[in-house]
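This report refers to the structure that appears directly beneath it.
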Amino acid sequence: LDKIQIMQYLSAHPEREYTALIYSITKSGISVLVNDIITGTVKIRNATPGENASEVVSDDKVYRVGDRLRVTFKEYNVKNAKLVFEVVEE
């Protein structure tokens, strides 16, 4: 599958939730592997660095490399050619 096909599928099912694995934390957000096949980014609001480089804190929630999240598709960032997801609040 290419990114266009993936984006078309995700756009057609905006309410669907997916399981995402955090594999990297950067200044711009969290890099995730969705359903073990799709890579994307989750932007985290009010993010501050955690105790080490493999975690970030947002609104008293700690996100760590290796954690699993529930996400939904938000948009396709054309400028960066990235799929953007958002965390489903628990």
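We're numbering straight along the sequence, starting at 1.
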Find out if a path of hydrophobic residues (ILVMFWY) with successive side-chain heavy-atom gaps under 4.5 Å connects Ile44 to Leu21. no

Checking Asn77 side chain against Lys79 main chain: does a donor-acceptor pair fall under 3.5 Å? yes

Can you see which heavy atom on Ala20 is nearest to which on Val32, and at what distance? CB-CB, 3.9 Å

Holding to side chain to side chain donor-acceptor pair (under 3.5 Å), I want the full list of residues that pass it with Asp60, two or more places apart in sequence or in another chain. none

Can you see which heavy atom on Tyr76 is nearest to which on Met7, and at what distance? CB-SD, 3.2 Å

Nearest-0.5 Å distance that lies between atom CD in Glu75 and atom NZ in Lys43: 5.5 Å

Mind listing the closest non-hydrogen atom pair of Phe85 and Gly40 along with its distance? CE1-CA, 4.1 Å

Determine the minimum heavy-atom distance between Val87 and Val71, stating which atoms define it. CA-CG1, 4.3 Å

In terms of hydrophobic clusters joined by side-chain contacts under 4.5 Å, are Val62 and Val65 together? no

Closest non-hydrogen atoms of Tyr23 and Leu33, given as atom of the first, atom of the second and distance, are CD2-N, 3.7 Å

If you group Ile, Leu, Val, Met, Phe, Trp and Tyr by side-chain heavy-atom gaps below 4.5 Å, do Val84 and Val42 land in one group? no

Applying side chain to side chain donor-acceptor pair (under 3.5 Å) to Ser54 and not counting sequence neighbours gives Asn52

Spacing of Arg68 atom CZ and Ile22 atom CD1 [to the nearest 0.5 Å]: 10.5 Å

Trace of the side-chain contact (heavy atoms from CB on, under 4.5 Å) decision for Leu69 with Tyr63: CA-CA 9 Å; Leu69 309 169; Tyr63 298 96; 3.7 Å; yes

Taking C-beta and beyond as the side chain, do Leu10 and Tyr18 meet within less than 4.5 Å on heavy atoms? yes

With distance as the sole criterion, is a donor-acceptor pair present between the side chains of Arg70 and Thr19 under 3.5 Å? yes

Closest approach of Ile25 and Glu55, non-hydrogen atoms and distance? CD1-CA, 3.4 Å

Tell me which one of Leu83, Thr39, Ile37 satisfies side chain to side chain contact (heavy atoms under 4.5 Å, CB included) with Ile6. Leu83

